[in-house]
Amino acid sequence: MLASLPSTLFVTGIGTDVGKTVAAAVLVRALGADYWKPVQAGTAPATDGGTVAALVPAAVCHPEAYRLALPASPHAAAAAEGITLSLETILAARPQTARPLVIEGAGGVLVPLAPGVVVLDLIAALGVPVVVVSRHYLGSINHTLLTVEALRARQVPIVGLVFNGPPTPATETFIEEYTRLPVLLRLPEAPDGVTAAVISRWAEGWEMNR
């Protein structure tokens with residue numbers, strides 16, 4: 001399964017705080033990949049790149065094109081600092097590496113980056129396939145299907161899904177059958193918190209987590 005994955009992946013979510021960074025860390029560890037977060041909005045208590053570096057100590061985490069202090073939508077966080085994000089600047093900052101690369105987005109696919117520009121525009125411009133992270137909550141089926149529909153409308157390839165959190169079989173089955181997408185990972189709750197050891201265990205147990 002790992003060998004069949006593209007060398008570059010974009011990790012997006014069905015919303016904010018659904019587990020994109022944890023999923024990205026597992027993929028980085030499992031694939032021996034580098035990590036890149038093009039736009040970081042919110043730097044306290046840590047950046048997402050800093051979190052991945054702590055969870056996967058051997059990983060190479062490339063600098064963001066933009067690092068913004070305010071934990072808000074990137075366009076609003078940039079405006080607070082008198083900046084207008086540029087898609088061209090982000091694309092120019094794309095890391096050059098011989099290793100696989102995991103790219104983590106900001107929020108969901110329609111999160112605004114700049115006037116008239118959303119994360120989906122960045123994904124399309126990068127031209128890389130996507131992993132969609134879903135977390136179970138009331139409304140998550142709708143949010144997951146809308147995310148998949150938006151990506152497919154732009155003809156963005158979707159590699160598969162990651163389900164994060166306690167298993168909800170009825171939800172997962174409906175999403176799988178409706179989207180016809182493979183489930184790459186199922187990440188359970190970590191009672192004692194997500195640590196480097198947990199990420200390593202999940203990565204090494206990839207096939208069991210599918």
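Any value given below was found using the heavy atoms of this structure, including those in side chains, with hydrogens, waters and symmetry copies removed.
Residue pairs meeting the salt bridge (charged side-chain N to carboxylate O under 4.0 Å, His left out) criterion with at least one partner in residues 72-90, sequence neighbours excluded, are absent. For residues 11-21, every residue pair satisfying the side-chain hydrogen bond (donor to acceptor under 3.5 Å, both in side chains) rule, not counting sequence neighbours, is listed here: Thr21-Asp48, Thr21-Glu104. Residues in residues 134-160 take part in these salt bridge (charged side-chain N to carboxylate O under 4.0 Å, His left out) pairs, two or more places apart or across chains: Asp121-Arg154, Arg135-Glu189.
The closest side-chain heavy-atom distance from Leu55 to Thr51 is below 4.5 Å. Residues Leu87 and Leu122 have side chains in contact (heavy-atom distance under 4.5 Å, counting atoms from C-beta outward).
By the side-chain hydrogen bond (donor to acceptor under 3.5 Å, both in side chains) test, Ser134 pairs with Thr144, sequence neighbours left out. For Tyr35, there are no ring-ring contact (aromatic ring centres under 6.0 Å, His included) partners, not counting sequence neighbours. Legend: residues meeting ring-ring contact (aromatic ring centres under 6.0 Å, His included) with His75, ordered by chain and number and at least two apart, are absent. Glu172 meets the side-chain hydrogen bond (donor to acceptor under 3.5 Å, both in side chains) test with His136, Arg186; sequence neighbours excluded. Take Tyr178 and apply the side-chain hydrogen bond (donor to acceptor under 3.5 Å, both in side chains) test, not counting sequence neighbours, and it matches no residue. Legend: residues meeting side chain to side chain contact (heavy atoms under 4.5 Å, CB included) with Ala106, ordered by chain and number and at least two apart, are Pro74. When the side chain to side chain contact (heavy atoms under 4.5 Å, CB included) test is applied to Ala150, the partners found at least two apart in sequence or on another chain are Val109, Leu120. When the side chain to side chain contact (heavy atoms under 4.5 Å, CB included) test is applied to Ala54, no partner is found at least two apart in sequence or on another chain.
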With a 3.5 Å cut-off and sequence neighbours excluded, list the donor-acceptor pairs that the side chains of residues 60-71 form with protein atoms.
unit_1, atom_1, unit_2, atom_2, d
His62, NE2, Asp34, OD2, 2.8
Glu64, OE1, Arg67, NE, 3.2
Glu64, OE1, Arg67, NH2, 3.3
Glu64, OE2, Arg67, NH2, 3.3
Tyr66, OH, Ser86, N, 3.0

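A distance-only check finds a donor-acceptor pair linking the side chain of Thr195 to the backbone of Val198 [under 3.5 Å].
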